[in-house]
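Read the structure below first, then the notes.
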Amino acid sequence: MKTTHDDKTFTLIGKYWSGTYPIEQLDEQLAFYRGMRDKFPKAGNSYDAPIEALERLAKEIKA
């Protein structure tokens, strides 16, 4: 899973999908994926990759 960004948006890119969101929604998207991981433990580590990618992006943007 990887991310790209510019001044106004970020894109989360998976193997079969991608989504582009306003930078202001980064924390919201991170909370969403963390919540999904908590709600659906049977999904195993399915949500780990987007969470890790978004956490890296958050550190990069805030640095």
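Just so you know, these numbers use all the heavy atoms, side chains as well, and skip hydrogens, waters and symmetry mates. Counting begins at 1 with the first residue of the sequence.
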field: Value rounded to 0.5 Å, distance of CZ in Phe32 from NZ in Lys39
entry: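 One finds 8.0 Å between CZ of Phe32 and NZ of Lys39.
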- prompt: Can you tell me how far the CG atom of Leu57 sits from the NZ atom of Lys62, to the nearest 0.5 Å?
  reply: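 Rounded to the nearest 0.5 Å, the CG-NZ separation comes to 9.5 Å.
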query: Can you name the nearest heavy-atom pair linking Met1 to Ala53, along with the distance?
result: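 Nearest pair, atom of Met1 first, then Ala53: CG-CB, 3.7 Å.
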Using residues 11-30 as the side-chain source, report each donor-acceptor pair under 3.5 Å to any protein atom, sequence neighbours left out, with the distance given to one decimal.
residue, atom, partner, partner atom, Å
Thr11, OG1, Thr20, OG1, 2.9

message: With a 4.5 Å cut-off on side-chain heavy atoms, are Glu55 and Arg34 touching?
response: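 With C-beta onward as the side chain, the pair touches.
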